[in-house]
Amino acid sequence: MDFIDLKTQQNRIREGLNVRFDRIFEHGAYIMGPEVTELEEKLSDYVGVKHAISCSSGTDALLIPLMAWNIGPGDAVFTTPFTYVATAEVISLLGATPIFVDVYDSTFNIDCEKLELAIQHTISEGKLTPKAIIPVDLFGVPARYRVIEEITKKYDLKVIEDAAQSFGGEIRDKKVGTFGDVAATSFYPAKPLGCYGDGGAIFTNDDDLANKCKAIRIHGTTNDKYHSELIGLNGRLDSLQAAVLLEKLTIFDEELDLREKISIQYRKNLKNCQYIPDNYKSSHALFSILLQSNQKREEVINKLSKNNIPNVIYYKMPLHLMEAFSSLGYKEGDFPISEGLSKRILSLPMHPYLSKGNVELIINQIQ
Ligand SMILES: Cc1ncc(COP(=O)(O)O)c(C=O)c1O
């Protein structure tokens, strides 16, 4: 049994991949070739936004809009400590300060009441200027954007949706990628829509922001390749990765339905699964449950591993306790929900090709 099965999926799209790869070997435009433009058009149609800007990774998809807004030293950017390191790393990389806000113990996403308190506290301290929020759609479940958008209006903040794990998700029939000022997704191979290497995309309806992001992605250039107008990155997607994504997009909705069915089977039989609010659709990037205690989790991991059932802990250490963020001065006890989750959470196999029988086997072992 695989935690994520990319092989079965590859067998389904192999013929189409070969045709596309042959075409690329013929035309030879390996970087930013026609496949990249085709992909961007299909992505913006799929999500329902004006601009889909492909780039080199989900990390760069977060970094580029922050650069476009000139976020830097003295600026505060709010996010959660219960996420992958990239979410907060990009803030620190630009010299800005990540302000962590604890999550709900149900959805594992940013707690909006605590977010507002953190913003008010930062304003009253007067040391940093609140600039942006990066809510994370953890494991595929979108954050509470209706409330987040009210908060951003009140305090005049920007929002970048960290949709690295949630591409394909929805709130009330509105697709992930349309929330906030801009959204960032990842095409890392294990993601619901993944390529065969690193890749990512930025989504926005803001023309000015889109133009800046496009320039930053290619060393800050617009028309003249050898005259940079902004400081940028080598943040492009290559044509081979775009070709993989184009083929995978043709079966993506079907795969989302298959993931949904597996999630329903798990949920019918297991307690303490991640909560998905009414009218929210998860992309089911990961399926995570909470065990009663750290010790119970150890027992379950041992049992699953003995039966060759792969399992992973996302995330065993919240970001505020990582060495990389030690200069921020946080300590154990600062974010009790995130700390508690990191001790009790466990992710189970989740991919579109997981059989009903295998899900049953996993459920039986846990029960
Ligand atoms: C929540 C979150 N944000 C950002 C990223 C970064 O994406 P990438 O690995 O494509 O740079 C990831 C990737 O795992 C992620 O899970």
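It should be emphasised that the depicted structure is a prediction, and the values quoted were computed from it without experimental measurement. All values below come from the heavy atoms of this structure, side chains included, with hydrogens, waters and symmetry mates left out. Ligands are counted one by one from 1 in listed order, and the atoms in each one are counted from 1 as well.
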Task: Close aromatic pair by centroid cut-off 6.0 Å: Tyr46 and Phe167 - done: yes
Open item on the list: Once side chain to side chain contact (heavy atoms under 4.5 Å, CB included) is applied, do any residues pair with Pro336, and if so which ones, sequence neighbours excluded?
Closed with: Asp102
TODO: Could you tell me whether Lys261 and Asp257 make a salt bridge, using a distance below 4.0 angstrom between a side-chain N and a carboxylate O?
DONE: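 Salt bridge: no.
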Open item on the list: The criterion is salt bridge (Lys or Arg N to Asp or Glu O under 4.0 Å); which residues satisfy it with Asp111, sequence neighbours excluded?
Closed with: Lys114
Return all side-chain donor-acceptor pairs below 3.5 angstrom for residues 316-330, not counting sequence neighbours, or 'none' if the list is empty.
unit_1 : atom_1 : unit_2 : atom_2 : d
His320 : NE2    : Glu339 : OE2    : 2.7
Ser326 : OG     : Glu323 : O      : 2.8
Tyr330 : OH     : Phe100 : N      : 3.1

Hey, what polar pairs (N/O, under 3.5 Å) does ligand 1 make with protein?
unit_1   : atom_1 : unit_2 : atom_2 : d
ligand 1 : 3 (N)  : Asp162 : OD1    : 3.2
ligand 1 : 3 (N)  : Asp162 : OD2    : 2.8
ligand 1 : 10 (O) : Gly58  : N      : 2.8
ligand 1 : 10 (O) : Ser186 : OG     : 2.6
ligand 1 : 11 (O) : Gly58  : N      : 3.3
ligand 1 : 11 (O) : Thr59  : N      : 2.8
ligand 1 : 11 (O) : Thr59  : OG1    : 2.5
ligand 1 : 14 (O) : Lys191 : NZ     : 2.6
ligand 1 : 16 (O) : Gln165 : NE2    : 2.8
ligand 1 : 16 (O) : Lys191 : NZ     : 3.4

Task: Partner of Ile53 by side chain to side chain contact (heavy atoms under 4.5 Å, CB included), out of Asn211, Ile202, Leu237 - done: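 Testing each of Asn211, Ile202, Leu237 against Ile53, the sole residue satisfying side chain to side chain contact (heavy atoms under 4.5 Å, CB included) is Ile202.
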